[in-house]
Amino acid sequence: MEKDDRDKVLEFAIKHGFVYPAYEIYGGVSGFFDYGPLGCILKNKIENKWREIFCIKEGFFEISSPTIAPEEVFIASGHVENFIDPLVYCNNCKQAYRADHLIEEELKIDTKNLSLDEMEKLLEKICCKKCGGKLSKIIMFNLMFKTYIGPLNSRTGYLRPETAQNIFILFNRLYDFARRKLPFGIVQIGKSYRNEISPRQGLIRLREFTQAELELFINPKERKYSRFKYYENENLYLITNNNQEYKITAREAVDRGIFINEAFAYCIVLTKIFLKQIGIDENNIRFRQHSKEELAHYARDAWDCEIKTKRYGWIEVAGIAYRGDYDLRMHEIHSKKELKAFVTYERPIIIKKEILEPNLTLIGKTFKKKAKQILEILKNEKYVEEFKKKGKVIIELENDTIILDERYVKLKRVEQRIVGEKLIPHVVEPSFGIDRILYCLLDNNLKEIDGRMVLTLKPEIAPITVAVFPLVNKDELNAIALKIYEEFKNNGLYAIYDEKDTIGKRYYKADELGIPFAITVDFDTLKDNSVTIRFRDTKEQIRVKIEDVVKVVENFLKEKRYQKACAL
RNA sequence: GCGACCGUAGUCUAGCCUGGUAGGACGCUGGCCUUCCAAGCCAGAGACCCGGGUUCAAAUCCCGGCGGUCGCACCA
């Protein structure tokens, strides 16, 4: 970590229009940022790359849900209960404590089932640990933004603190869409909101932020995941919750039991691949397992993906959580709707048993309206034994006793084939903070190369793809350059045109903004209709015909030939 | 939320202690120059975080707010 009290990456980002502190002219509000012109493009490109890797390539689909949800959702999910921190502070020295932690520590009383009033009473016995002063009343910190849905007497609503819940709530619809088969995945990219007590560190902790989440629904009984084989040899840098460091392949990690199953390992690997592909240095990526205390209320296991930054060291940009059946189970309980999948066994389970086969014609004719009830009662297995002993079955109805002998029922040996079962799927959830990733991407790619500032973003990720320049500011060159500039824009590429200052200065600025290709119209252009393409990272140039220039740039993007031209 | 430090053009800063409304550099705009890698010339625009107090007079002193950095606490 660089010892510097300023966040140079954030300063760079603000200066060049990637982000702005929000509501600045009204003094600003911490925890909120605007995305500026370049940041907006970059963010979209990051999101699209994420879509490509976590959604399209996997054969998954994306949904987009409201960001406001009624209270019931977060009561069920546990967020209403778990998102509130009771805080007290010392009236004398202002030291702040978590009320529940303080009670547990000082009085050795489990606070889990205590009401606020009960905690207040217990706190009267406790003084400030630091100065012995009197403690304040409990202050509740609710990290969810609360709002109202509708006018007077309206429903309480919350801005969602994660995108995941919307997917769980839609489970039955989505399971249906997935043709009722596990595993399947649903992704969502969208805004989430957390009313952080004190957001710090620029883009790292925001009150409104963009999450990209995959909810992968799997069969909990299946340890294998068929697509795992494609990436099982990817190397991972892992730190387990007992502080063991490993640099091993995903396969080895599964074999050693470090990951709970292949689906989980797969999500870890996809995370690394995604980050590599947008341009994070592989050596700056590691995965750290949560300790038991760190685990969220819903998680059985969780790993943070961390990226090393110059300013803040390792920071968390994604979390891969094993949510088990927690969410679907809770929503089943609270909504009273079944949220299950049907899983067929590899081999059907065959159960041989005896049943009583009713003579429907006779029972119907004899008992008329009571027949239906009788048939229902007959399904109880205890009557099989009774029939075997006595040769008949005696059924007690409300005000009637019915005796069924061998004319009515017959003993029959049957083979029952159970082909599967209903169960709540388990969920593996990779969850990304897009804003943090954007920050890390700038951090990892803002470099000084022999005196030049170069933002070495990959051409496909760089916000602006080409800069078009006349070598010098002369009308005959400008006219051609402007035409080429139009041509790029017409082909859907972000381009800029500049004729000011010297060519060197313009290259310098383009490098700083991460523009991978610079097209220069010079005096040879007037003779042979050719222009130069300059590559940002190497400063090398090639000459191409004007009519080919757009296509050549497009090919550099598509075929990734730039890797030769640009030393990425 | 607490504490410490801090807040001057787009950016970095001088001035604040010892009150008399602001100077520089880079950047920006216009012009000149310039035949391939920023920082050559001329001109121009641009600032004291917000509110209150003290004072004849506040960027400067005092109080509050907002914002920033760091530490504590929090961080699903």
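Each chain gets a letter, A, B and so on, in the order its sequence line appears, and its residues count up from 1.
Figure legend. rA9(B) is base-paired to no nucleotide; pairs are counted as Watson-Crick or G-U wobble with both atom distances under 3.5 Å. Pair assignment for rG51(B) gives rC63(B), based on Watson-Crick or G-U wobble hydrogen-bonding distances that are each under 3.5 Å. Under the Watson-Crick and G-U wobble criteria, each requiring two contacts below 3.5 Å, nucleotide rU29(B) is paired to rA43(B). Judged by Watson-Crick or G-U wobble contacts below 3.5 Å, the nucleotide rU34(B) has no partner. Under the Watson-Crick and G-U wobble criteria, each requiring two contacts below 3.5 Å, nucleotide rC72(B) is paired to rG1(B).
Taking atom P on both nucleotides, rU60(B) is separated from rA22(B) by 14 Å, rounded to a whole Å. Taking atom C1' in both rA25(B) and rA38(B), the straight-line distance is 16 Å, to the nearest Å. Using P as the reference atom, rU54(B) and rG71(B) are 40 Å apart when rounded to the nearest Å. With both ends at atom P, the span from rC48(B) to rG23(B) equals 14 Å, rounded to whole Å. For the C1' atoms, the distance from rG51(B) to rC12(B) is 28 Å, rounded to whole Å. Between the P atoms of rC56(B) and rG24(B), the separation comes to 33 Å (whole Å). Nucleotides rC66(B) and rG46(B), compared at atom P, are 32 Å apart to the nearest Å. Nucleotides rC72(B) and rA14(B), compared at atom C1', are 35 Å apart to the nearest Å.
Residue pairs meeting the salt bridge (charged side-chain N to carboxylate O under 4.0 Å, His left out) criterion with at least one partner in residues 466-482 of chain A, sequence neighbours excluded, do not occur; the list is empty.
One atom, OH of Tyr312(A), and another, C1' of rC75(B), lie 15 Å apart when rounded to the nearest Å. Residue Asp304(A) contributes atom CG, which lies 14 Å from atom P of rC75(B) at whole-angstrom precision. Counting to the nearest Å, the C1' atom of rG10(B) and the CG atom of Asp34(A) are 16 Å from each other. To the nearest angstrom, P of rG1(B) lies 13 Å from CG of Leu143(A). Straight-line distance from the OH atom of Tyr26(A) to the C1' atom of rC50(B): 12 Å, rounded to whole Å. A straight line from CE of Met330(A) to P of rA76(B) spans 18 Å, rounded to a whole angstrom. Taking atom CD1 of residue Ile320(A) and atom P of nucleotide rA76(B), one finds them 15 Å apart after rounding to whole Å. Across the protein-nucleic acid pair, Asp435(A) atom CG and rC75(B) atom C1' stand 16 Å apart, rounded to whole Å.
In this structure, Arg286(A) forms a cation-pi arrangement with Trp314(A), its terminal cationic atom sitting closer than 6.0 Å to the ring centre and no more than 45° off the ring axis.
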Could you pull out every donor-acceptor pair under 3.5 Å between side chains of residues 28-35 of chain A and any protein atom, sequence neighbours left out?
{"unit_1": "Ser30(A)", "atom_1": "OG", "unit_2": "Arg207(A)", "atom_2": "NH1", "d": "3.4"}
{"unit_1": "Tyr35(A)", "atom_1": "OH", "unit_2": "Asp435(A)", "atom_2": "OD2", "d": "2.6"}

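With Tyr158(A) as the partner, the side chain to side chain contact (heavy atoms under 4.5 Å, CB included) test is satisfied by one option alone out of Thr67(A), Val80(A), Thr147(A): Val80(A).
Checked against rC70(B), rA76(B), rG27(B), the side chain of Lys509(A) finds its nearest nucleotide in rG27(B).
Here CZ of Arg452(A) is found 11.5 Å from NZ of Lys447(A). Values are rounded to the nearest 0.5 Å. Here the OG1 atom belonging to Thr456(A) is positioned 3.5 Å from the CG atom belonging to Asn445(A), to the nearest 0.5 angstrom. Atom CH2 of Trp303(A) and atom CD1 of Ile258(A) lie 6.0 Å apart (nearest 0.5 Å). Distance check, rounded to the nearest 0.5 Å: CZ of Phe259(A) to CD1 of Ile268(A) gives 4.0 Å.
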For nucleotides 11-13 of chain B, print each protein N/O atom paired with a nucleotide N/O atom at under 3.5 Å, atom names and distance only.
none

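Nearest-nucleotide assignment on RNA chain B puts the 5′-proximal partner with Val29(A), out of Val29(A) and Glu316(A).
Contacts of Val550(A) classified as side-chain contact (heavy atoms from CB on, under 4.5 Å), with partners at least two apart in sequence or in another chain: Glu487(A), Phe488(A), Asn491(A), Glu554(A). The ring-ring contact (aromatic ring centres under 6.0 Å, His included) search around His426(A) returns Tyr322(A), not counting sequence neighbours.
Relative ring orientation between Phe54(A) and Phe274(A) is described as perpendicular, the plane-to-plane angle rising above 60° on a 0-90° scale split at 30° and 60°.
Residue Phe469(A) is classed as having no contact, given no heavy-atom separation below 4.0 Å to the nucleic acid.
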*How does protein contact run along nucleotides 31-41 of chain B, one letter per nucleotide 5' to 3', with B for base contact, S for sugar-phosphate only, - for none, heavy atoms under 4.0 Å?*
---BBBBB---

